[in-house]
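One structure is given here, and the rest of the page talks about it.
Worth knowing before you read on, the calculation uses all heavy atoms, side chains too, and leaves out hydrogens, waters and symmetry mates. Counting convention: from 1, in listed order, for ligands and their atoms alike. One is the number of the first residue; the rest follow in order along the sequence. Because the structure is a prediction, the values reported are computed rather than measured.
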Amino acid sequence: MRYEDLYRRSIEQPEAFWAGEARAIHWHKPPGRILDYAEPPFRAWFAGGETNLCYNAVDRHLAARPDQPALVAISTETGVTRSVTYRELHREVNVFAAALLELGVGRGDRVVIYMPNMVEAAYAMLACARIGAIHSVVFGGFAAHNLALRIDDAQPKLLIAADAGMRAGKVIRYKPLVDEACALARTPPPRVLLVRRGLDPDLAMIPGRDVDYAPLRENYRDAEVPVAWLESNAPSYLLYTSGTTGKPKGVQRDVGGHAVALALSMRTVFDVGPGQVMFSTSDVGWAVGHSYNVYGPLIVGATSLLYEGLPTHPDAGIWWQLCAEYGVRTMFSSPTAIRVLKKQDPAWLKKHDLSQLKWLFLAGEPLDDPTATWISEGLGKPVIDNYWQTETGWPVLCLQPGLDLKPVKFGSPGLPNFGYRLRVINEVTGAEAGADEKGVLVIQPPLPPGCLTTIWGDDARFLKSYFSHFKELLYSSLDWAIRDRDGYFFILGRTDDVINVAGHRLGTREIEEAVSTHPAVAEAAVIGAADEIKGQVPVVFATLRNAAADADAREAAAAGMVERVTAMLGGVARPARVYVVNALPKTRSGKLLRRSLLALTQKTDPGDLSTLDDPNALEEIKRALVRGPEWHA
Ligand code: AMP
């Protein structure tokens, strides 16, 4: 079927469309109603239906493909590769689920998972899904403060952690971070389950709280844990993401809608089916990791590669070597990773047999034309940009190579995905933007299956964050966009203060709050400055309490701010430069003019400055930029 026809059907007859797509998954009890939209913008897809993500991802494939690899976890850090068949995955997930039950975890309980890209992270997620517990994976690169914020919001009954991760040959101990986060949290989890990889010989267990997974695994070797059938709209997991405030938002996903959207997108977008191999380079801690490393490929009976390591180690051909070795059909990565590879010898792209590789998907941040062209020509493969958000859980804008590939336009993530009724709206008047006219990208509700159902424990924040921007009830993506005459969309950056560093979403407010914990700092403003590799990097402008501090004191304070950010938020948020200044540009009502700061930093037009309180502040920033930062990476 042609893309246009199917898309039109998904918009004009959504219930018929999604009733058809729902057949791709197993229902213990079929849905009573395809869409219940009694309380807009809240909606319930497949209402009354009962299903289970773990059953769809694991049990359902036991009969047809027990000996096919389900997950292949490759670590070029530890040098260990573990290939797990569907039969083995079923066993391991049952064992893990039995351990969760023994630790008192049940239906609806939250479980925080803090682990690197190792196969046990997937076991833990699937085991939670099996018993109806709600997992919340926290990216291993986040530090104790971040972990504590998420613990306090999710209030987990259990935290599952690895002893350590590894990056660039260095062991990163997780346990001290877990202990620190539990000390910081107001509601620390009563139990901590540790999966030890032998990377941290000094690991100290806290009696009564910490539990070692190895003996539990031995005890429950033969356990069979029944699947908990869940109503389609019950929460399956929480995934925290940054917004404009310092407090992360717990994006809440459902069960049935998520499974159906993933099954559809695996087929039409990612073009991967039973027995085929998908390699997503994401970490399990991100939305891509949830959707296209764990649940998506498993739901369709494919093989999924999980990778721990750098794209350049042991050499810059490692990813292509893995593609050749495992017969990868679809690869999914980020523009930043490709820009890292672009610094290496292009001969690496030609060294391995890529005859089975069909597509390279890139997402998470804007894909620039030179990067897209370089990798597409280097590999001789089509590169497919796709746009989505943690909130949506699957692509909003994309092409559909599994169905009917429309021409690729570099710079555009493509056309609306099925079920997404997209509009571009003028941010002031709320009027529809014309072709090639800039506005805010919005989704007209009901949001399709797979998108967030609410923010955990905070419906009011869900409404305020996403549905309060226009007179009409519309989901704001908080991204600027234009639609061209052919219907292709272009994404032009965020409308809020969120920045995107190497595909990782960070709130400038979170970084400012971390900088401001330094005792010497009076006030801080953080912007995302353009960076050749990472897309954007955090740059700090800060005033000191002691305005008369000498050059040495200013440099020491700047270095201290960087330490604070790294300790509180982790290496992902580490600033690239810190400028110590005597004033920050603000409006008369005291709002930081981050956009003017960014414009000055990038030597572009600072825009409307009529609301500026103190014109000297701009001169001060200009002087600081000429003088150079007090600290730089
Ligand atoms: P996250 O929720 O961390 O995946 O971040 C989502 C944000 O990343 C979006 O709101 C966009 O600002 C940006 N983004 C994701 N994919 C793309 C893309 N293909 N092109 C441009 N921006 C993107």
Classify the angle between the aromatic ring planes of Tyr475 and Phe467 as parallel (below 30°), tilted (30 to 60°) or perpendicular (above 60°).
perpendicular
For atom 16 (N) of ligand 1, what is the closest protein heavy atom, and at what distance to 0.1 Å?
Gly364 N, 3.2 Å
Of the backbone atoms (N, CA, C, O) and the side-chain heavy atoms from C-beta on, which set of Arg494 has a member under 4.0 Å from an atom of ligand 1: side chain, backbone, both, or neither?
side chain
Are more than 12 heavy atoms from other residues, nucleotides or ligands located less than 6.0 Å from atom CZ of Arg167?
no
Mode of Asp479 contact toward ligand 1 - side chain, backbone, both, neither (heavy atoms, under 4.0 Å)
side chain
Would you please classify the geometry between the Tyr237 ring and the His135 ring as parallel, tilted or perpendicular, with 30° and 60° separating the classes?
parallel
List every atom of ligand 1 that sits less than 4.0 Å from any heavy atom of Asn386, numbering the atoms from 1 in the order shown and giving each element.
16 (N), 18 (C), 19 (N)
Distance to the ring centre below 6.0 angstrom and angle to the axis at most 45 degrees; does that hold for Arg253 and Tyr295?
no
What is the closest protein heavy atom to atom 18 (C) of ligand 1, and at what distance does it sit?
Glu365 O, 3.3 Å
Below 30° counts as parallel, above 60° as perpendicular, anything between as tilted: where do the rings of Phe139 and His504 land?
tilted
Working to the nearest 0.5 Å, report the span between CG of Leu397 and CG of Leu415.
8.0 Å
What do you reckon, does Gln389 have a nitrogen or oxygen under 3.5 Å from a nitrogen or oxygen of ligand 1?
yes
Quick one: does ligand 1 sit under 4.0 Å from the side chain of Asn500, the backbone, both or neither, non-hydrogen atoms only?
side chain
Have a look at ligand 1 and work out which part of Trp388, if any, has a heavy atom under 4.0 Å from it: side chain, backbone, both or neither.
backbone
Shortest protein contact, atom 5 (O) of ligand 1 (heavy atom only)
Arg505 CD, 3.5 Å
Please find out if less than 6.0 Å separates the ring center of Phe42 from that of Phe462.
yes
Part of Val498 with heavy atoms under 4.0 Å of ligand 1, whether side chain, backbone, both or neither
neither
With heavy-atom distances below 4.0 Å as the criterion, list the atoms of ligand 1 near Thr390.
1 (P), 2 (O), 3 (O), 4 (O)
Measuring from atom CE of Met115 to atom CG of Leu159, what distance do you get when rounded to the nearest 0.5 angstrom?
10.0 Å
